[in-house]
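As structure tokens, the structure follows; a few thoughts come after it.
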Amino acid sequence: MRPACVDKVFELARRDERVTYIGSDLDPPIVKRMKSEMPGRAWMEGVSEQHVVGMAAGLAMEGFIPFVHTIATFITRRCYEQVAVDLCLHNLPVRLIGNGGGLVYAPLGPTHLAIEDIAIMRALPNMTVVSVCDADEMKRFMDQTLDWPGPIYIRLAKGYDPIVSRAELGFKIGKAIVMREAAGGKKRVLLVTTGVTTTRALEAAEALEADGIETTLLHMHTVKPLDTAALVEHAGSCDLVVTVEEHTIVGGLGSAVLDALVEHLSGAMPPVKRLGIPDDFAHKYGNQDQLMELYGIHPQGIADSVRDGLRRRAA
Amino acid sequence: MRPACVDKVFELARRDERVTYIGSDLDPPIVKRMKSEMPGRAWMEGVSEQHVVGMAAGLAMEGFIPFVHTIATFITRRCYEQVAVDLCLHNLPVRLIGNGGGLVYAPLGPTHLAIEDIAIMRALPNMTVVSVCDADEMKRFMDQTLDWPGPIYIRLAKGYDPIVSRAELGFKIGKAIVMREAAGGKKRVLLVTTGVTTTRALEAAEALEADGIETTLLHMHTVKPLDTAALVEHAGSCDLVVTVEEHTIVGGLGSAVLDALVEHLSGAMPPVKRLGIPDDFAHKYGNQDQLMELYGIHPQGIADSVRDGLRRRAA
Amino acid sequence: NLIERGNGRTLWRQTSGGFLMANDVALGAQHDATRQLDERSIELRRLVVRALDGGARGHIGSSMSLIEIMRVLYDDILRYRADAPDWEGRDRCILSKGHGCIAQYVMLAEKGFFPLAALDTFCRRDSILGGHPEAGKVPGVEASTGALGHGLPIGVGRAMGLRIKNNNARVFVITGDGEINEGSVWEAALSASKHGLANLTWLVDYNKVQSAGPTDEILPLEPLADKLRAFGFAVAEVDGHDIAALRRVLRSVPLDRERPTGIICHTVKGKGIAFAENDAAWHHKSSINKELVGQLYGALETR
Amino acid sequence: NLIERGNGRTLWRQTSGGFLMANDVALGAQHDATRQLDERSIELRRLVVRALDGGARGHIGSSMSLIEIMRVLYDDILRYRADAPDWEGRDRCILSKGHGCIAQYVMLAEKGFFPLAALDTFCRRDSILGGHPEAGKVPGVEASTGALGHGLPIGVGRAMGLRIKNNNARVFVITGDGEINEGSVWEAALSASKHGLANLTWLVDYNKVQSAGPTDEILPLEPLADKLRAFGFAVAEVDGHDIAALRRVLRSVPLDRERPTGIICHTVKGKGIAFAENDAAWHHKSSINKELVGQLYGALETR
Ligand SMILES: Cc1ncc(C[n+]2csc(CCOP(=O)(O)OP(=O)(O)O)c2C)c(N)n1
Ligand SMILES: Cc1ncc(C[n+]2csc(CCOP(=O)(O)OP(=O)(O)O)c2C)c(N)n1
Ligand SMILES: [Mg+2]
Ligand SMILES: [Mg+2]
């Protein structure tokens with residue numbers, strides 16, 4: 001997903017001379033490509049996130065579309081005020097590419113995990129928050145970034161994640177994708193997912209199907225603006241809604257879904273379970289999958305939560 | 001509320017030699033008091049929020065309880081990573097005093113409004129978020145800060161706000177206060193408020209009472225950790241829950257309330273309306289009251305929303 | 001004429017025009033308090049008071065110290081078209097210390113970007129002129145500032161953008177002195193120097209007072225010229241209330257064809273209002289009544 | 001003996017011990033690449049490889065450039081009690097460039113803060129030793145670092161706290177060179193200088209390479225000593241792999257009784273692993289297999 005994203009920046013730059021690229025002391029191989037493929041329009045800046053976001057704003061004010069690329073937690077936390085004021089208040093077409101969203105950097109500990117990035121980016125007016133599920137979808141998404149007016153936060157996953165997205169389902173910023181639809185079974189569950197939890201949830205859905213539990217899976221690649229229409233359409237007829245995110249349960253996808261459902265299904269709310277990272281810093285290292293398992297956002301954990309939710313509902 | 005808060009810091013400092021004070025180029029009169037009342041333990045630092053939070057962390061590591069005081073939006077946005085890593089990850093007893101939470105700085109424009117401070121502070125593990133409603137309550141709260149283990153974000157209102165809190169109702173961090181309780185009328189509404197929206201909502205409640213609408217008002221001075229027990233207890237028997245905050249509707253008190261209600265009242269959710277600042281930057285200047293009116297979080301607006309919510313419910 | 005400094009470390013070169021030039025070395029220009037403000041400077045300050053009156057509040061000291069800097073920029077240095085604020089050939093002037101905006105509003109109004117009467121609406125609900133300047137609202141304002149330390153990074157981005165476009169417009173960023181406590185300013189300085197942005201000029205309104213007191217007490221900045229120089233700027237120092245000296249130094253920008261320029265303007269906070277000069281208490285007043293307005297006008301008459 | 005520099009601007013004073021002292025002036029100490037690492041330095045690097053092997057990943061170059069700095073600190077300079085890591089009299093050593101933590105883990109293990117065998121668990125799920133060091137998890141680690149630019153502000157706070165307590169323990173903060181691109185470092189430097197924190201020493205691991213390439217390409221820092229000095233530090237420069245010189249300069253801390261000390265350690269990224277030296281490609285490897293481990297051990301044998 002990371003190479004797909006960066007490749008696309010270079011491709012877009014070839015197509016559109018407004019595209020510029022700013023790294024923040026990140027990825028040595030990119031430096032070389034930058035210099036050869038978009039000379040004069042790409043820079044590897046230092047470890048200075050605040051400056052880099054301000055600089056991107058300045059470029060955007062001059063008519064450019066800068067892609068700023070560094071580690072997710074630093075591009076959201078370290079320069080939060082610059083993102084708020086320079087990008088969102090000015091509503092500039094800067095794209096922030098955040099490497100290693102969620103638990104990707106598990107072995108590097110809590111300073112490197114981006115667990116509240118979606119929450120804090122969503123809290124800002126004018127910000128768009130996108131977390132695609134694989135490299136193919138990344139390409140489809142990136143093609144649309146040229147014409148999107150305001151700032152976008154692009155949350156990258158680990159990379160080399162299995163491809164589950166399908167070209168025939170299309171892609172539109174702000175439009176949720178139905179990745180699977182429950183057949184007319186008795187117990188109907190809606191899974192709402194984003195990023196690579198979509199992949200995990202698809203696996204869970206298979207396991208559940210084997211148990212006779214029908215699930216619809218709504219892939220919310222765009223967490224902001226949220227596709228409320230799709231959500232309400234699918235949630236209305238469900239026995240249970242389960243949201244799954246590789247993110248703290250405070251203020252992320254799950255909260256966005258609740259906000260929308262309560263507003264639109266007031267009085268007729270199905271039960272909703274929000275799966276994610278508990279409101280705590282990581283206490284373990286290891287790898288992303290180990291932490292996902294610890295937090296129950298791996299396929300087995302998701303399936304178990306669905307079964308548990310249906311049991312409670314029945315009781 | 002601001003003088004009450006700062007006075008209390010000096011009083012606590014007299015009582016407990018762990019207390020230190022760090023200003024960030026804020027309030028000239030305070031400088032003089034600092035120097036005379038707590039020499040050697042109070043500093044007026046420069047305009048460098050990132051450093052000031054790190055410095056406070058260092059002092060806390062050495063056993064001190066630093067109170068850091070500057071403008072709310074800067075102490076939350078500008079040093080967000082320092083708050084996350086230096087304070088929350090280390091779980092240190094630093095107190096952040098944020099001047100002018102919400103719309104207080106209306107004439108100074110959007111760079112000075114703290115409209116998502118609660119959202120981003122709540123997203124951090126170990127953080128406590130407190131927004132009292134008046135100067136008297138501030139004093140009761142401050143007395144408890146000596147023994148609270150982790151970091152606290154203290155959101156200040158404008159100052160000289162009318163006193164509505166009552167000593168006999170007590171104060172405990174994390175314990176909501178029932179400011180008024182609905183008599184056994186037919187239409188029962190729960191208002192959940194924080195900061196000075198409590199004051200506004202109390203006025204609204206009076207007006208509603210005149211119309212025969214009974215309201216319970218739960219003052220959530222502590223937005224994190226949320227008093228879920230009190231919330232669930234009062235919400236369960238209600239026809240309508242209305243949350244009111246001087247804060248974006250994304251990720252603040254309203255979202256916290258939804259998260260808790262959906263988890264605990266699944267299936268038996270009353271309708272919930274969230275009032276607050278729309279997901280947008282301020283487009284007007286003027287003063288705090290003018291903006292609150294614009295956003296419908298003034299007494300009249302709150303009362304109207306309650307009436308409207310009940311009408312929909314009936315329909 | 002090269003003059004060696006006390007400690008034998010730095011040298012400075014006195015120019016004919018009352019400011020100090022330094023491709024590599026400079027120190028020492030201070031404000032000359034005996035010089036009188038001319039009528040235009042007084043009139044511009046009256047307009048500042050008009051806005052303070054209109055809003056019944058405002059950053060008094062912060063605006064007054066900026067007047068001559070803004071005056072010379074808009075009178076003599078900047079290229080712009082008041083009737084086409086977005087004209088691509090304009091020089092980009094970013095007031096990073098956004099709280100001093102009244103000084104910029106006054107110049108913009110005077111030059112016809114918007115009517116002078118707008119000053120009377122300062123900070124009011126439906127005004128275009130807020131307590132900090134907003135791009136998109138105020139014609140001629142290049143960036144919404146108010147949060148300190150944002151102007152130089154944005155200025156670097158603009159200067160890079162102009163370079164790509166082969167646009168020879170220049171970028172001027174004006175910061176305060178307290179403002180440059182912010183690390184973001186130094187991050188940007190490193191980058192400006194790396195990119196050799198000769199089209200970027202950073203002016204410091206060095207009035208030696210920040211919000212809570214004198215910079216020497218709150219956070220000392222000396223040796224300031226050494227800091228800018230060590231961060232890769234060609235530096236000049238100038239009396240920031242001396243019109244002729246400001247003109248001369250600003251006309252000589254860039255000081256170096258391969259480096260960004262830094263101009264340290266020695267100013268007086270509250271300049272022109274005797275009772276407010278050099279006093280942090282007059283940094284900002286959240287309530288300004290008619291009596292005070294009268295005193296402010298009165299103080300200007302005695303200059 | 002005072003030696004004038006090429007441009008006639010700065011002077012430096014060569015001391016007998018191979019490092020450059022400068023209360024006000026210094027520049028030029030470079031790493032002497034012809035000097036051999038001694039057996040202890042090689043052995044410590046073998047322990048680094050052991051941890052890299054244990055975690056099958058890690059910051060190779062970043063750890064190797066730190067070895068002599070950490071070795072001299074823990075062998076000769078710091079006061080501590082391995083069996084009482086929180087002993088109030090200890091010197092506070094904050095590794096601000098937390099990604100170089102293996103170098104610190106190795107020293108802490110060697111000194112008995114925890115067993116050497118813990119190195120084999122580096123980065124594993126239940127280890128105390130993560131890819132960045134965490135206070136409260138790792139005995140002897142004073143602050144959880146990894147996000148760059150946090151150590152100096154924290155160090156300032158600790159130094160202030162020690163001063164209030166009349167505790168004469170000292171604070172040492174080690175940053176990288178790329179790390180000091182971060183503005184937070186310069187904010188803290190201004191404050192350390194304001195408070196005259198002579199109990200604070202800032203060491204820069206000046207290996208001239210950051211994550212994406214040479215500092216000269218990514219974000220040039222020269223003249224670095226001038227920067228520290230202009231920000232109020234007493235500065236010395238030293239060959240960061242010369243044990244004797246490091247000892248001497250660190251024993252002379254504080255360089256000034258009224259200012260914080262800055263020590264610029266000229267180092268080589270990847271030092272000791274010939275194929276990795278001075279090459280940003282070896283900054284970090286997210287996958288280290290047995291073959292590479294063998295090559296790393298092998299490289300150490302040829303030194
Ligand atoms: C990031 C940020 N922190 C704090 C403030 C509050 N503030 C407004 S003006 C000011 C003092 C600025 O001092 P200086 O730069 O010297 O300005 P001047 O003397 O020209 O008014 C401060 C701290 C702010 N606007 N932005
Ligand atoms: C705030 C922040 N931004 C980015 C990073 C990612 N990062 C880790 S190490 C590094 C390069 C540091 O270079 P330097 O300080 O020179 O370290 P060394 O050469 O000693 O490895 C970067 C950018 C980080 N850890 N923290
Ligand atoms: Mg000033
Ligand atoms: Mg380095």
Side-chain angles (χ1 to χ4, degrees), chain B residues 2 22-35 42-52 54 69-71 73-79 81-82 99-100 103-114 158-160 281-294, chain C residues 54-59 97-99 101 121-138 143-150 175-187 209-221 279-284 286-287:
Chain B
R2 172 170 159 178
I22 308 176
S24 178
D25 194 20
L26 190 61
D27 204 336
I30 294 175
V31 193
K32 293 210 185 77
R33 287 198 54 188
M34 282 177 7
K35 294 212 167 134
W43 309 273
M44 187 55 73
E45 291 289 291
V47 199
S48 38
E49 295 81 4
Q50 296 193 90
H51 162 64
V52 157
H69 184 193
T70 188
I71 295 175
T73 191
F74 303 126
I75 211 171
T76 53
R77 283 181 179 166
R78 187 56 166 266
C79 43
E81 203 212 22
Q82 282 75 17
N99 235 52
L103 304 165
V104 170
Y105 289 121
L108 301 185
T111 60
H112 276 60
L113 303 184
K158 186 167 187 170
Y160 309 103
F281 292 102
H283 293 287
K284 301 279 179 187
Y285 304 107
N287 61 41
Q288 183 187 21
D289 279 331
Q290 287 176 316
L291 290 189
M292 287 183 96
E293 185 176 335
L294 194 66
Chain C
R57 62 179 302 141
H59 286 88
K97 51 164 276 192
H99 63 284
C101 55
T121 68
F122 179 63
C123 281
R124 296 199 188 164
R125 187 178 177 285
D126 299 308
S127 181
I128 61 162
L129 304 180
H132 296 97
E134 283 190 76
K137 273 198 166 180
V138 189
S144 301
T145 54
L148 296 169
H150 289 243
T175 71
D177 45 11
E179 175 176 12
I180 67 178
N181 299 169
E182 289 287 0
S184 53
V185 175
W186 302 100
E187 293 179 6
V209 177
Q210 43 200 114
S211 167
T215 56
D216 259 358
E217 277 173 34
I218 306 298
L219 199 63
L221 292 172
D279 184 355
W282 293 93
H283 169 77
H284 178 246
S286 57
S287 167

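All chains are named by letter (A, B, ...) in the order of the sequence lines, taking the proteins before the strands, and each is independently numbered beginning at 1.
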Part of C:Thr145 within contact of chain B (heavy atom distance under 4.5 Å): backbone

In Å, rounded to the nearest 0.5 Å, how long is the span from CG of C:Asn181 to CD of B:Glu49? 9.0 Å

Applying a strict 4.5 Å limit to non-hydrogen atoms, the region of C:Leu129 in contact with chain B is backbone

Contacting moiety of B:Leu294, where chain C heavy atoms sit under 4.5 Å: side chain

What one should report as the nearest heavy-atom pair of C:His284 and B:Leu108 is NE2-CD2, 4.5 Å

Report yes if the side chains of B:Thr111 and C:His150 come closer than 4.5 Å at any heavy-atom pair, otherwise no. no

Between B:Leu26 and C:Ser211 the two heavy atoms that sit nearest each other are O-OG, 3.3 Å

Under the rule for ring-ring contact (aromatic ring centres under 6.0 Å, His included), what residues qualify as partners of B:Phe74, not counting sequence neighbours? B:His112

Heavy-atom pair with the smallest gap, counting every atom of C:Arg57 and B:Pro107: NH1-CG, 3.1 Å

Just jot down the side-chain contact (heavy atoms from CB on, under 4.5 Å) partners of C:Ala212, sequence neighbours excluded, or say none. B:Asp25, B:Val31, B:Met44, C:Ile218

Minimal heavy-atom distance between C:Arg124 and B:Tyr285, with the atoms involved, is O-CB, 3.4 Å

Rounded to the nearest 0.5 Å, how far does CZ of C:Arg125 lie from CG of B:Asn287? 10.0 Å

Spacing of C:Ser184 atom OG and B:Arg78 atom CZ [to the nearest 0.5 Å]: 4.0 Å

Atom pair CG/NZ of C:Asp126 and B:Lys284 - distance to nearest 0.5 Å: 3.5 Å

